[in-house]
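Just so you know, these numbers use all the heavy atoms, side chains as well, and skip hydrogens, waters and symmetry mates. Chain letters run A, B, ... following the sequence lines, proteins first and then strands; every chain starts at 1.
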Amino acid sequence: MSTALESKVRIQREDFSVTDEIEAIKKSSRNIGGITSFLGTGRESNKGETISELNFEHYPQMAEKKLAEIREKAIKDFGLIDMSIIHRIGNIEIGENIVLIIACGEHRQETFKACEWAIAELKRTTPIWKRETTSKGEVWVQATP
Amino acid sequence: MSTALESKVRIQREDFSVTDEIEAIKKSSRNIGGITSFLGTGRESNKGETISELNFEHYPQMAEKKLAEIREKAIKDFGLIDMSIIHRIGNIEIGENIVLIIACGEHRQETFKACEWAIAELKRTTPIWKRETTSKGEVWVQATP
Amino acid sequence: MMVTVKYFASLKQMAGKEEDQFNVNEDTTLEQLSELIEKSVPQLGNMVREKKVIISLNYDVVPLDTVVKDGDEIALLPPFSGGI
Amino acid sequence: MMVTVKYFASLKQMAGKEEDQFNVNEDTTLEQLSELIEKSVPQLGNMVREKKVIISLNYDVVPLDTVVKDGDEIALLPPFSGGI
């Protein structure tokens, strides 16, 4: 498990610890009152198909650039104290962590809004692709909102 | 740090691990796609006053009953897979964890809505009181939305 | 018949005690009970009338015309401030 | 002048390769470049015209009339499906 918390936006193969990431972002300020986190995990079924494995591929450099843009815009537009975004690539087993977005602020309202916006924006703008393995074989997933 | 995860709603003095609580709730289903968590932490300042310490008191039995009602209503009304709610009591230092609400579902939208509703409902219905220690002494905090 | 009345947070400080026991008649409502509470802790009477304090009966908030039963647990609750 | 065109995810499978190098003239737009791409990977021409594929230039999505420069990195990106 990675404890490398050097960057607030990361794309990595290894798993992450939600607790470690929250403790890292807490260091941003002594005035954090609310921290909203979104954790995406691998679901076993999608549209009736049973998924045995997920695999994520990304466009290096562009994906990190888009995550950094999302983080900066979220902090500015929602008045956050800080945000971190981590997305895993490679093979992901059912139940495993895929993506983590943490938004922290003085009050809770802005952290909910920013976190929900950031995951939607990630899906919209960040070049990451999911391949699902089912009994029918491997399928690249079309984007869903 | 407590690893006692026997109940999905708890009021306790000791700290909790967000990772451990998320891993516990993941066991509810292999079909979880989204997990939204809200973590409330002790802020250093409130309305210009510098806070040195927080202290939470609760009405035993009634507070647990209200948390259980919030959890059941959230699961039913928002179509969640599961929810857990933990609130600490006693002395809390600045930066420490106070409250954790975890909402998990098949899709992310309902987990954001349910988590945001649950923390507002907790503040409205659950008999827990906060005392802040500042340079002026100890003050029982009036409810804020 | 006996009922217990508990005080919490700022009200416990105000009352200087955690609870009272009251011996009440059959058909006593929470509203009538609050008059007995006022005799024990005078400041609380106005707070109940002005709804600055919520009254719970056996862990639920109920209307003030609810009749109490032997062994009931009543509590006087200042505005909540849990969460953050 | 030389530019690199990268293929990702399903398009990489379709192209059977990760990238192409194209020698292009001054003032070549992304739209004109996509005609060269179509010669290399025929299926991609229609997908670009029907906007089933996004084109990025140096890690940003830009209009198709943007002119490329020597050393630019272009990429053909199928619809994203990150997150969950």
Which bit of A:Arg124 is near chain D, if near means a heavy-atom gap under 4.5 Å: side chain, backbone, both or neither?
backbone
Can D:Ser40 and D:Asp20 be counted as having a side-chain donor-acceptor contact under 3.5 angstrom?
yes
Could you look at A:Trp140 and say if it's the side chain, the backbone, both or neither that has a heavy atom under 4.5 Å from chain D?
side chain
Of the listed residues (A:Val139, A:Leu122, A:Thr125, A:Thr41), which shares the most heavy-atom pairs with chain D below a 4.5 Å separation?
A:Thr125
Evaluate the side-chain proximity of D:Asn46 to D:Val48: yes if any heavy-atom separation is below 4.5 Å, no if none is.
no
Do we see a donor-acceptor contact under 3.5 Å between the side chains of D:Gln21 and D:Thr4?
yes
Find out whether A:Ile70 and A:Trp117 are in side-chain contact, i.e. whether some heavy atom of one side chain is under 4.5 Å from a heavy atom of the other.
yes
Minimum-distance pair of heavy atoms, taken over all atoms of D:Lys6 and D:Glu19
CE-OE1, 3.6 Å
Hey, which of A:Ile101, A:Ile119, A:Ile98, A:Thr126 has the most heavy atom pairs under 4.5 Å with chain D?
A:Thr126
When the 4.5 angstrom heavy-atom criterion is applied to A:Tyr59 and chain D, the contacting part is both
Only pairs of heavy atoms separated by less than 4.5 Å count here; which of A:Arg88, A:His87, A:Arg131, A:Glu57 has the most with chain D?
A:Glu57
Of the backbone (N, CA, C, O) and the side chain (C-beta and beyond), which part of D:Ser10 lies under 4.5 Å from a heavy atom of chain A, both, or neither?
both
Residue from A:Glu69, A:His58, A:Arg43, A:Lys65 scoring the most non-hydrogen pairs under 4.5 Å with chain D is A:Lys65
Could you check A:Lys27, A:Lys76, A:Arg71, A:Lys26 and say which one makes a salt bridge (Lys or Arg N to Asp or Glu O under 4.0 Å) with A:Asp82?
A:Arg71
